[in-house]
Amino acid sequence: MTADYYTQHMQVTREQKQACIGVVKELLTLAFVVKEQGFLKLDELLHTELRVQDRFLRRAAAIVIETSNQESIETVLYNLIFTSSEVNNNPLFFRSVVVAETMIALGKGEDMDYIFAHLVPSFFGEYADQVEETYYQAKREHMTRGLQAAGKL
């Protein structure tokens with residue numbers, strides 16, 4: 001993949017980027033599970049409670065759970081992107097790259113602040129602040145639920 005190809009296919013409208021924030025919210029849900037309970041719990045929840053709508057996201061999560069070699073994860077995820085019909089559809093390509101890069105970072109054990117306050121927003125250009133705020137809001141809500149469950153609120 002050349003930089004020109006990547007640049008051309010990552011160009012999407014504001015509305016298309018905003019629509020992708022829903023996928024970011026799903027990624028956040030998965031990330032909180034991984035952070036607190038690990039990938040095995042994520043695997044269990046993907047088959048029971050979590051209803052991930054995005055097919056590529058479900059597949060990417062399964063690949064990260066089942067594969068220990070990080071280079072292999074990246075290769076497989078990008079092969080899936082480039083061989084799918086999504087490769088010529090900029091909004092779907094954009095979404096798939098955001099999912100792939102997020103899942104790769106989770107698989108590497110990257111810090112959630114790095115992933116959701118820096119990495120993921122970097123794909124959204126001038127709308128990065130919206131993605132970052134989505135993360136911080138989810139983080140606050142998640143912490144509040146945890147405190148409530150512990151009886152500290």
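Just so you know, residue 1 is the first one in the sequence shown, and it goes up from there. Keep in mind the model is a prediction, meaning the values are calculated, not measured.
- Across I115 and P121, no two heavy atoms sit closer than the pair O-CD, 3.9 Å.
- Note that the CG atom of L46 and the CD atom of E44 stand 10.0 Å from one another [nearest 0.5 Å].
- Remark: K139 NZ to L28 CG distance equals 11.0 Å, nearest 0.5 Å.
- Among all heavy-atom pairs drawn from V23 and R95, the shortest one is CG2-CD, 3.6 Å.
- Heavy atoms from other residues, nucleotides or ligands lying under 6.0 Å from CD of E71 number 12 at most.
- Contact check for F124 versus D129: no side-chain heavy atoms found under the 4.5 Å cut-off.
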> Can F123 and E101 be said to form a side-chain contact (heavy atoms from CB on, under 4.5 Å), step by step?
Replying inline: CA-CA 10 Å; F123 291 104; E101 290 296 326; 3.6 Å; yes
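- Under the salt bridge (charged side-chain N to carboxylate O under 4.0 Å, His left out) criterion, R140 pairs with E133, not counting sequence neighbours.
- Within 6.0 Å of CZ in R59 there are 12 or fewer heavy atoms belonging to other residues, nucleotides or ligands.
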>> One pair to check against side-chain contact (heavy atoms from CB on, under 4.5 Å): L77 and I104. What are the steps and the verdict?
In response: CA-CA 9 Å; L77 291 178; I104 290 166; 3.9 Å; yes
>> Is there a side-chain contact (heavy atoms from CB on, under 4.5 Å) between L27 and V98? Walk through the geometry before answering.
In response: CA-CA 10 Å; L27 286 163; V98 169; 4.3 Å; yes
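- Between M103 and L57, the shortest heavy-atom contact is SD-CD1, 4.0 Å.
- Scanning both residues, F39 and L106, for their nearest heavy atoms gives CZ-O, 3.5 Å.
- Side chains of E74 and Q70: a donor-acceptor N/O pair is absent below 3.5 angstrom, by distance only.
- When only modelled atom types and interatomic distance are considered, E110 and H118 share no side-chain donor-acceptor pair under 3.5 Å.
- Using cut-offs of 30° and 60° on the angle between ring planes, the pair Y135 and F116 is parallel.
- Here OG1 of T29 is found 9.5 Å from NE2 of H142. Values are rounded to the nearest 0.5 Å.
- Taking each heavy atom of A61 and L30 in turn, the nearest pair found is CB-CD1, 4.3 Å.
- Rounding to the nearest 0.5 Å gives a distance of 12.0 Å between OG1 of T102 and CD of E26.
- Using cut-offs of 30° and 60° on the angle between ring planes, the pair F93 and F82 is tilted.
- Atom CD of E126 is separated from atom CZ of R14 by 8.0 Å, given to the nearest 0.5 angstrom.
- Evaluated for a side-chain hydrogen bond (donor to acceptor under 3.5 Å, both in side chains) with T13, the options Q16, K17, Q11 yield exactly one hit, Q16.
- Heavy-atom minimum distance, L119 versus A105: CD2-CB, 3.9 Å.
- Rounded to the nearest 0.5 angstrom, F56 CZ and I63 CD1 are separated by 7.0 Å.
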> Would K25 and T134 count as a side-chain contact (heavy atoms from CB on, under 4.5 Å) if you check the C-alpha gap in whole Å, the side-chain angles of each, and the deciding distance to 0.1 Å?
Replying inline: CA-CA 8 Å; K25 289 177 182 178; T134 298; 3.8 Å; yes
